Amino acid sequence: MTSKHSLISRFPHLRQDFAASLVVFLVALPLCVGVAVASGVPAELGLVTGIVGGLVTGLMRGSSLQVSGPAAGLTVLVFEAVEEFGLPVLGVIVLLAGLLQITMGLLRLGRYFRAISVSVVEGMLAGIGLVLIAGQLYPALSAKAPDSGLGKITGLPGAFLDAFGDGDALASLAVCAGTIAVLLLWRRTPAKVRAVPGPLAAVGLATLAVLVLDLPVATVEVQGLFGAVQPPPASAFGELAGVGLLGTVVAFTLIASAESLFSAAAVDRLHSGPRTQYNRELVAQGAGNTVCGLLGALPMTAVIVRSAANVQAGARTKASRVLHGVWLLLFAALLPDVLAYIPIPALAGILIHAGAKLVPVRALAALWREHRGEALVLAVTAVSIVAVSMFEGVLIGLALAVVKTAWEASHVKLEVVDKGAGPVEAHLAGNATFLRLPKILDSLESLPQDRPVRLDLSGLHHLDHACRTALENWAARHSAAGTEPVQLVTAA
């Protein structure tokens with residue numbers, strides 16, 4: 001009795017955290033497997049990343065209720081990396097990304113990720129979602145997906161036409177469609193039924209349907225936990241000499257960090273407990289990715305789906321996410337053969353549903369009505385990711401966001417006062433930058449050439465070098481026409 005009371009006094013929220021950990025485990029299990037399969041790596045590696053997310057990152061300080069593991073948002077990038085460099089090098093990429101995250105956290109750079117344009121991040125997620133949906137429709141049709149994002153989308157009509165003459169493809173598509181239908185309808189079931197998480201119910205029902213009906217559908221290949229875990233060999237580190245691999249490391253680092261810290265901000269809005277310490281959270285994510293890299297597993301990020309499930313299930317401390325890692329470890333160690341019964345198209349359905357959630361259709365429509373510039377940044381980022389690649393798409397989005405901000409910050413007003421006698425008064429106010437230079441020069445060059453001009457610059461908050469030079473050149477040209485020299489008035 002005394003030991004029970006001492007346990008309760010030491011862990012006052014153990015009951016709530018224990019119950020929440022089971023819910024998160026049941027949500028995480030199909031997602032870990034689905035992300036791994038979609039990334040082109042053994043299913044067990046997804047479980048390894050989920051385990052590390054619970055037992056390593058979960059124990060560290062940062063965000064108390066956020067849950068980490070393999071994320072749908074990195075699926076496209078991981079698949080491209082494995083295709084280009086091979087599975088052994090994936091561990092090197094993830095290891096270096098983790099060390100970079102730790103370094104950034106120790107340098108207190110975590111808070112700067114909050115300065116990244118929300119439109120760029122949402123555009124990044126939307127682009128990932130579109131490529132993820134398109135890519136997962138191929139295993140749903142029992143077909144091989146093209147390599148590029150654009151190829152995945154343009155090849156879909158042909159893949160659907162081919163499927164209509166293939167019984168196996170139609171069976172696979174039916175399983176995928178049924179999985180998505182369960183996910184969409186699960187929220188309308190009675191509360192007692194909803195105690196089982198939707199993703200688990202959808203995969204479980206799909207597995208049962210395939211077994212009972214004996215459908216000709218591909219299932220997950222099982223290698224065993226120890227067979228799948230392959231630390232990167234020393235030869236894999238030789239790939240670091242290539243610029244392409246270093247660019248991939250940077251892409252992993254920035255995208256995983258941004259997704260984790262934006263997820264942390266979203267989770268903070270769901271509860272009233274301790275707020276996220278961004279630098280410590282970045283170190284925690286880095287530690288998790290370092291361990292994942294050493295094990296040759298998938299990269300991790302904080303995952304909003306699991307984190308929201310954790311909060312909604314009543315979790316109070318980080319014990320819930322640590323325990324969810326324990327349950328994943330026990331499952332991987334004791335019941336790995338269960339994975340062999342899971343249909344591939346059911347996992348495709350899970351990821352298509354997850355990908356659709358990443359595309360903010362309603363938010364984009366509202367953004368277009370209120371802030372068209374932000375909507376344009378979001379759309380261009382998403383399209384660039386689909387058309388080019390993840391890393392280049394994000395860079396294009398960031399560049400466009402910077403240009404948009406510079407354009408909006410360079411508001412300048414030119415007021416001309418002509419009293420009919422004496423010099424024409426021209427007053428410039430605001431921020432005069434090269435972005436507004438054509439407009440300024442057009443207005444000044446329209447002033448009468450035969451009248452003296454007094455150009456007042458005292459109302460300018462900022463005058464860049466390009467503008468100053470252009471104004472001085474205009475003044476020289478105007479004065480050369482035989483009128484009095486232009487009088488420039490600057491702030492005292």
Side-chain angles (χ1 to χ4, degrees), residues 31 35 63 66 68 70-78 80 110-136 149-150 152-153 250-270 276 278 281-282 285 299-308 351-408:
L31 289 173
V35 168
S63 177
Q66 183 163 253
S68 299
L74 284 176
T75 302
V76 177
L77 197 59
V78 173
E80 291 175 354
R111 64 185 185 276
Y112 290 109
F113 279 88
R114 301 170 74 183
I116 297 176
S117 167
V118 175
S119 296
V120 173
V121 176
E122 289 184 342
M124 176 190 79
L125 295 176
I128 291 168
L130 291 172
V131 176
L132 190 59
I133 292 168
Q136 290 306 300
L150 200 57
K152 289 180 173 70
I153 291 176
V250 172
F252 270 67
T253 305
L254 296 180
I255 292 170
S257 301
E259 193 170 337
S260 294
L261 298 184
F262 272 90
S263 172
V267 173
D268 279 351
R269 291 195 291 270
L270 297 177
T276 297
Y278 286 88
E281 179 62 18
L282 197 52
Q285 293 293 327
M300 76 164 60
T301 73
V303 186
I304 189 63
V305 175
R306 285 166 230 178
S307 303
L351 291 172
I352 289 170
H353 183 258
K357 287 184 174 181
L358 296 177
V359 183
V361 178
R362 292 181 182 176
L364 182 58
L367 204 59
W368 181 254
R369 289 192 296 269
E370 298 170 13
H371 305 284
R372 294 198 172 183
E374 293 292 331
L376 182 64
V377 171
L378 191 158
V380 169
T381 305
V383 171
S384 300
I385 286 172
V386 172
V388 189
S389 73
M390 173 80 70
F391 190 44
E392 285 84 352
V394 171
L395 290 180
I396 290 169
L398 286 171
L400 185 59
V402 170
V403 170
K404 183 192 77 71
T405 303
W407 177 263
E408 290 177 347

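Note that the structure is predicted; figures quoted are calculated from it, not measured. What you see below is based on every heavy atom in this structure, not just the backbone, and it leaves out hydrogens, waters and symmetry mates.
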*How long is the span from the CG atom in Leu132 to the NZ atom in Lys357, to the nearest 0.5 Å?*
13.0 Å

*Residue pair Pro299 / Phe252: nearest heavy atoms and the distance that separates them*: CG-CE2, 3.5 Å

*asked:* With rounding to the nearest 0.5 angstrom, report the CD1 to CD1 distance, Ile153 to Ile133.
replied: 9.0 Å

_For the backbone of Ile352 and the side chain of Gln136, can you confirm whether one donor and one acceptor N or O come within less than 3.5 Å of each other?_
no

*For residues Ile396 and Ser384, report the shortest heavy-atom separation together with the two atoms involved.*
CG2-OG, 3.6 Å

*Looking at side-chain heavy atoms only, is the closest gap between Lys404 and Glu374 below 4.5 Å?*
yes

*Measuring from Leu395:CG to Leu400:CG, what's the distance to the nearest 0.5 Å?*
12.5 Å

*Considering non-hydrogen atoms only, spot the tightest contact between Ala382 and Ala126 and give its length.*
CB-CB, 4.0 Å

*Considering only heavy atoms from C-beta outward, does the side chain of Leu31 approach that of Pro70 to under 4.5 Å?*
no

*Looking only at non-hydrogen atoms, find the nearest pair between Val120 and Thr381 and report the distance.*
O-CG2, 3.7 Å

*Are Ser257 and Leu282 close enough that some pair of their side-chain heavy atoms sits under 4.5 Å apart?*
yes

*For Lys152 and Gly135, which heavy atoms make the closest approach, and how far apart are they?*
CD-CA, 3.6 Å

*asked:* Between Glu281 (side chain only) and Ser63 (backbone N and O only), is there a donor and an acceptor less than 3.5 Å apart?
replied: yes

*Search all heavy atoms of Ala71 against all heavy atoms of Val303 and return the closest pair with its distance.*
CB-CG2, 4.2 Å

*Do the side chains of Pro360 and Leu378 get nearer than 4.5 Å, heavy atoms only?*
yes

_Side chains of Ser68 and Gln285 only: does a donor on one sit below 3.5 Å from an acceptor on the other?_
yes

*Find out whether Thr301 and Leu74 are in side-chain contact, i.e. whether some heavy atom of one side chain is under 4.5 Å from a heavy atom of the other.*
yes

*Any chance you could measure Ser260, atom OG, to Ile255, atom CD1, to the nearest 0.5 Å?*
11.5 Å

